[in-house]
Asks: 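Encoded as structure tokens, here's the structure I'll be asking about.
We use all heavy atoms of the structure for the numbers below, so side chains are in, but hydrogens, waters and symmetry mates are not. The structure presented is a predicted model; accordingly, all values stated were derived computationally and were not measured.
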Amino acid sequence: MSRSRQLVLAAVVVAGALAALLLVSRPAGLDEASSVSRRSGGLLLARRYLESRGVRCTTFTGRVGKNGPGSASLVVAFPATGRPRRAGLLRLKRWISGGGTLVVLFDHTFPGVAQKETLEALGVATRPIWRREELNPFRWWTRVRRPWRLSSPVANTPIVLSSEARVALKPHAGDVILLEEPKHNAVLGLARTVGRGRLVILPSEVLSNGRLLEGGNADLLEWLGRRLPSPDVAFDEGIHGLGAPAKRGAEGTPMADALLAQLALLYLLAIVALARRQGPPWPEEAVRGSSVGGLLLRLGAVHRRMGHHADAARVMVERAAAFGGWDSVPADLQEIPPRLDGPGLIRLAQRVARRQEHDRRKER
């Protein structure tokens, strides 16, 4: 193998390996941001850190009642597999206005529907971070994997994110900016006063297990732990699948029943449509003859155009006489006009056929 082919083969192998890494690799933002998760995107280390500082951390798996989650502070972290109810979000907003503290940790890379609904219900607006797309795959890979370093007034060193953000927050007048990326003018963390309570919005990755010990992430968690009211902090784990499954009512599943009824109706209509003939029967084209018959018809048309009726009549009578062994040709068959036409030839053929039939009867 030549050296050029070896280089091409090596390039193909490297490209295949890179493609496989792209397929199997998962960014940290796709992990569940649960306080009981040990994965890179989990919040177990942050929970243990708060407990070491004397904060009593509890797990909240139920629904938000009229008095809120039953604790002074609540942490809701995304991404999550669950979806909070609209009524619970409205009660949560009233609970914040009454003096509660809510910490929302959002996914800055792949925002889901549940996260969007939660932020909208709480009055937090977001915007996409527009940037020029990179067409070179190697430069794109380097860019999306380049850590972001965010400035914060509560940390001595920049706070680290593993990759660039896709969404940013829209601050209001009076909000305290906690995290900001100067290059893209993107606000990624803020604290807002809502009535007598407080709302804190931060990316979930800055407090995750994989990033808490980098940069100023621990300083941010220390600041947050001091601002949380005592005596306890509840982590919402119901949206992460913890807790008892929801009980289904005894009324069944009306949507499934309606779907089955519609399918049964469609099948019934299909059977009726197939069993009943639609419109008149389709006319079948009659077969007019074989290829031999078509050849004879065309041959007869040629003889008719050339006027060969008289010649054909004489040949027909001569061969009939030779085949039948006639002693003499009957007089009615001898008179063949020189300008014999088609109907006359047919009448002559009928007389020849009657004479042949008479000869067969005599032989019997």
Side-chain angles (χ1 to χ4, degrees), residues 14-15 17-35 37-46 75-81 103-116 118-119 124-152 154-171 177-190 200-221 224 239-240:
V14 172
L18 291 176
L21 287 176
L22 283 174
L23 292 175
V24 303
S25 63
R26 292 175 45 138
L30 292 179
D31 295 338
E32 284 283 328
S34 171
S35 64
S37 175
R38 299 177 180 272
R39 302 189 64 176
S40 177
L43 302 175
L44 180 60
L45 187 58
V75 178
V76 179
F78 296 96
T81 54
V103 179
V104 178
L105 303 179
F106 69 96
D107 186 4
H108 67 285
T109 55
F110 300 96
V113 177
Q115 174 178 306
K116 293 179 180 178
T118 302
L119 295 179
V124 179
T126 60
R127 67 172 180 85
I129 299 178
W130 301 106
R131 55 191 176 276
R132 183 179 179 182
E133 295 297 337
E134 183 60 60
L135 300 180
N136 188 310
F138 297 99
R139 287 201 296 264
W140 174 84
W141 175 265
T142 304
R143 193 192 71 182
V144 297
R145 291 295 176 177
R146 184 184 299 117
W148 266 25
R149 300 188 180 276
L150 311 177
S151 60
S152 174
V154 301
N156 298 325
T157 57
I159 294 176
V160 180
L161 286 178
S162 62
S163 60
E164 58 186 6
R166 297 178 180 268
V167 293
L169 305 175
K170 293 183 179 180
I177 306 301
L178 299 178
L179 292 176
E180 186 175 10
E181 208 284 325
K183 182 179 179 181
H184 296 82
N185 194 22
V187 176
L188 295 176
L190 57 85
V200 180
I201 313 292
L202 293 172
S204 58
E205 189 184 346
V206 298
L207 303 181
S208 63
N209 299 332
R211 293 291 174 266
L212 191 58
L213 301 181
E214 295 185 13
N217 297 38
D219 296 338
L220 179 62
L221 179 60
L224 182 62
I239 61 175
H240 298 291

Asks: For G189 and L202, which heavy atoms make the closest approach, and how far apart are they?
Replies: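 Looking at all heavy atoms of both residues, the closest pair is CA-CD2, 4.0 Å.
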
Asks: Nearest 0.5 Å, please: how far is OG1 in T157 from CG in D219?
Replies: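 The CG atom of D219 sits 5.5 Å away from the OG1 atom of T157.
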
Asks: Kindly compute the distance separating OG (S151) from CG (L179), expressed to the nearest 0.5 Å.
Replies: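 Result: 8.0 Å between the selected atoms.
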
Asks: Which heavy atom in E32 sits nearest to a heavy atom in H240, and how many Å separate them?
Replies: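 Scanning both residues, the minimum pair turns out to be OE1-ND1, 2.6 Å.
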
Asks: Taking C-beta and beyond as the side chain, do L212 and L207 meet within less than 4.5 Å on heavy atoms?
Replies: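 Touching, per the 4.5 Å side-chain cut-off.
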
Asks: Any donor-acceptor pair under 3.5 Å linking the side chain of D107 with the backbone of A33?
Replies: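 No; zero donor-acceptor contacts below 3.5 Å.
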
Asks: What are the two closest heavy atoms between A186 and I129, and how far apart are they?
Replies: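 Heavy atoms of A186 and I129 come nearest at CB-CD1, 3.8 Å.
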
Asks: Find the distance between CD (E181) and CG (L161) and round it off to the nearest 0.5 Å.
Replies: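 The CG atom of L161 is 9.5 Å from CD of E181, to the nearest 0.5 Å.
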
Asks: Can you find a heavy atom in the side chain of S204 that is under 4.5 Å from one in the side chain of F106?
Replies: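 S204 does not reach F106 side chain to side chain.
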
Asks: Step through the shown structure and confirm whether more than 12 heavy atoms of other residues, nucleotides or ligands are within 6.0 Å of CG on N136.
Replies: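 Correct, the count exceeds 12.
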
Asks: Could you work out, with side-chain hydrogen bond (donor to acceptor under 3.5 Å, both in side chains) as the rule, every residue matching T118, not counting sequence neighbours?
Replies: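 Counting only residues at least two positions away or on another chain, T118 forms no side-chain hydrogen bond (donor to acceptor under 3.5 Å, both in side chains).
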
Asks: Check whether N217 reaches the backbone of V160 with its side chain - one donor and one acceptor, N or O, closer than 3.5 Å.
Replies: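 Side chain of N217 to backbone of V160: a pair is present.
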
Asks: Distance-only, no hydrogens or angles: does the E180 side chain make a donor-acceptor pair with backbone N or O of P182 under 3.5 Å?
Replies: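 The answer is no, because no donor-acceptor pair under 3.5 Å joins these two groups.
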
Asks: Any side-chain heavy-atom pair from I177 and P171 closer than 4.5 angstrom?
Replies: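 With C-beta onward as the side chain, the pair touches.
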
Asks: Could you check whether any side-chain heavy atom of S37 comes within less than 4.5 Å of a side-chain heavy atom of L44, counting everything from C-beta outward?
Replies: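 Heavy-atom side-chain distance check fails, nothing below 4.5 Å.
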
Asks: Set out, in order, the CA-CA distance, both residues' side-chain angles and the distance that settles side chain to side chain contact (heavy atoms under 4.5 Å, CB included) for L178 and L224, then state yes or no.
Replies: CA-CA 10 Å; L178 299 178; L224 182 62; over 6 Å; no

Asks: What are the two closest heavy atoms between H184 and R127, and how far apart are they?
Replies: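 Smallest heavy-atom distance, with atoms named: O-NH2, 3.6 Å.
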
Asks: Are L213 and L45 close enough, and set up right, to give a side chain to side chain contact (heavy atoms under 4.5 Å, CB included), and what steps lead you there?
Replies: CA-CA 10 Å; L213 301 181; L45 187 58; 4.3 Å; yes

Asks: V167 and P111: which non-hydrogen atoms are nearest, and at how many Å?
Replies: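 Taking every non-hydrogen atom into account, CG1-CG, 3.8 Å.
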
Asks: Once rounded to the nearest 0.5 Å, what's the spacing between atom CG of L119 and atom CG of L169?
Replies: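 CG of L169 is found 7.5 Å from CG of L119.
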
Asks: Side chains of H108 and S163, heavy atoms from C-beta outward: is any pair under 4.5 Å?
Replies: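 Side-chain contact under 4.5 Å: yes.
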
Asks: When rounded to the nearest 0.5 angstrom, what is the spacing between OG1 in T109 and CD in E164?
Replies: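 With rounding to 0.5 Å, OG1 (T109) is 10.5 Å from CD (E164).
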
Asks: Between S35 and L43 (side chain of the first, backbone of the second, donor and acceptor by atom type, cut-off under 3.5 Å), is there such a pair?
Replies: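 Between the backbone of L43 and the side chain of S35 there is no qualifying donor-acceptor contact (under 3.5 Å).
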
Asks: Indicate yes or no for a side-chain donor-acceptor contact from E205 to the backbone of S162 under 3.5 Å, with no hydrogens or angles considered.
Replies: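 Side chain of E205 to backbone of S162, a donor-acceptor pair under 3.5 Å: yes, one is there.
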
Asks: Between L188 and V206, does the side chain to side chain contact (heavy atoms under 4.5 Å, CB included) criterion hold? Intermediate values first, please.
Replies: CA-CA 10 Å; L188 295 176; V206 298; over 6 Å; no

